[in-house]
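Letters go in sequence order (proteins before strands), and every chain restarts at 1.
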There are 2 protein chains.
Amino acid sequence: MDAIDLSLVDLLRGNARLSYAELARQVGLSAPAVHERVGKLESSGVVLGYRADVAPEAIGLGVTALIGIVEDSGADSDDMLESLRVLPEIESCYFMAGVESFLLKARVGTIAELEQLIVRLNRTPGVASTRTAIALSTKWENRPQSVGPQPA
Amino acid sequence: MDAIDLSLVDLLRGNARLSYAELARQVGLSAPAVHERVGKLESSGVVLGYRADVAPEAIGLGVTALIGIVEDSGADSDDMLESLRVLPEIESCYFMAGVESFLLKARVGTIAELEQLIVRLNRTPGVASTRTAIALSTKWENRPQSVGPQPA
DNA sequence: ACTCTCCGTGGACGCCATCGACCTGAGCCT
DNA sequence: AGGCTCAGGTCGATGGCGTCCACGGAGAGT
């Protein structure tokens with residue numbers, strides 16, 4: 001992970017569809033060199049994947065909610081995790097410090113679907129209680145912060 | 001937005017670096033047709049961009065926190081938003097229902113930087129109070145849920 | 001029925017991805 | 001010091017891809 005790797009990561013976080021040739025121009029290496037570096041970043045787990053950023057309302061996921069989960073005393077967190085992982089509506093899952101062990105970000109199409117999700121969560125073994133906060137709007141999300149040197 | 005557009009969105013949410021030729025094969029159209037459809041999805045604001053998904057610890061952003069903000073009565077939310085937008089550590093920002101008007105997801109390198117961020121937030125005009133919860137680990141994040149027809 | 005429009009296909013051409021061969025400099029052993 | 005080894009780069013070649021263009025068929029409106 002030298003400065004060039006950081007620049008590559010920055011560039012790809014900004015636009016994952018840049019060609020290797022373009023990346024090469026930006027960092028001042030040849031295309032094959034960039035190709036090899038990016039390949040290593042991928043296989044070493046630095047770059048986990050490439051994703052299109054899509055407006056959720058446009059694909060019928062207009063309701064965003066953040067749900068905190070309090071675990072039963074004696075519940076097994078690993079089992080719970082597996083139960084959560086199965087629910088596709090849960091886009092993100094954090095294990096938290098504090099009373100609420102998990103914090104979930106969920107996206108659904110309607111409030112009715114959110115209700116169903118919450119019911120299902122409360123029925124999940126190990127869940128003592130849930131607390132749901134609804135996002136009225138997403139101002140921005142997953143904005144990449146630059147880590148490399150400033151782009152000259 | 002027909003079924004093919006949804007499939008394209010699904011495919012690109014799964015892997016934003018798929019070539020147009022590959023997308024074309026998957027949806028059963030020609031490459032130019034896919035190229036045009038994707039271009040329209042981009043310019044109509046359905047596809048907002050393409051981002052590499054990077055392991056945050058690998059780039060020195062090992063501390064994740066969720067911060068709720070309570071606004072002063074009479075504060076201007078738009079001004080606050082601009083103040084928040086300027087802080088690069090804030091990766092996501094939701095406008096919430098409930099006592100806390102905003103919910104932020106922030107990533108920093110160290111607890112000390114988190115402390116500085118919280119101090120800055122509390123000094124921001126319009127902020128009455130903040131509440132910070134620290135994520136001990138990110139189980140997963142921004143998992144795309146499939147919206148198209150099941151991939152046959 | 002004619003035509004307009006939309007949306008697709010197929011062909012062409014230049015650029016890109018990717019492979020292999022070779023080069024160079026750093027570090028280390030003798 | 002000399003030379004081995006290896007990591008990591010460049011260069012050149014080739015096949016596939018991105019992208020532009022001209023053309024064609026289906027459906028709606030008159």
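Every salt bridge (charged side-chain N to carboxylate O under 4.0 Å, His left out) that B:Glu91 has, sequence neighbours left out, goes to B:Lys105, B:Arg107. Not counting sequence neighbours, B:Glu113 has no partner by the salt bridge (charged side-chain N to carboxylate O under 4.0 Å, His left out) test. For the side-chain hydrogen bond (donor to acceptor under 3.5 Å, both in side chains) test, residues two or more places apart in sequence or in another chain that qualify with A:Ser77 are A:Glu71.
Within residues 41-54 of chain A, no residue has any heavy atom under 4.0 Å from DNA chain C.
The ring-ring contact (aromatic ring centres under 6.0 Å, His included) pairs that include a residue from residues 46-75 of chain B number zero, where partners must be two or more places apart or lie in different chains. Among pairs with a residue in residues 57-80 of chain A, none fulfils ring-ring contact (aromatic ring centres under 6.0 Å, His included), at least two apart in sequence or across chains. Residue pairs that meet the salt bridge (Lys or Arg N to Asp or Glu O under 4.0 Å) test with at least one member in residues 45-56 of chain A, sequence neighbours left out, are A:Arg51-B:Asp53, A:Asp53-B:Arg51. Annotation: ring-ring contact (aromatic ring centres under 6.0 Å, His included) contacts involving residues 90-115 of chain B, sequence neighbours excluded, comprise B:Phe95-B:Phe102. Counting only residues at least two apart or in different chains, ring-ring contact (aromatic ring centres under 6.0 Å, His included) contacts with residues 7-26 of chain B comprise B:Tyr20-B:His35. The salt bridge (Lys or Arg N to Asp or Glu O under 4.0 Å) contacts involving residues 126-138 of chain A comprise A:Glu100-A:Arg131, where partners must be two or more places apart or lie in separate chains.
Nucleotides of DNA chain C with any atom under 4.0 Å from a heavy atom of chain A span, from 5' to 3', C:dC16 to C:dC19.
For the pair B:Ser92 (side chain) and A:Asn142 (backbone), a donor-acceptor distance under 3.5 Å is present.
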In 5'-to-3' order, the base (B), backbone-only (S) or no-contact (-) status of each nucleotide in nucleotides 8-19 of chain D, using a 4.0 angstrom heavy-atom cut-off, is SSBB-----SSB
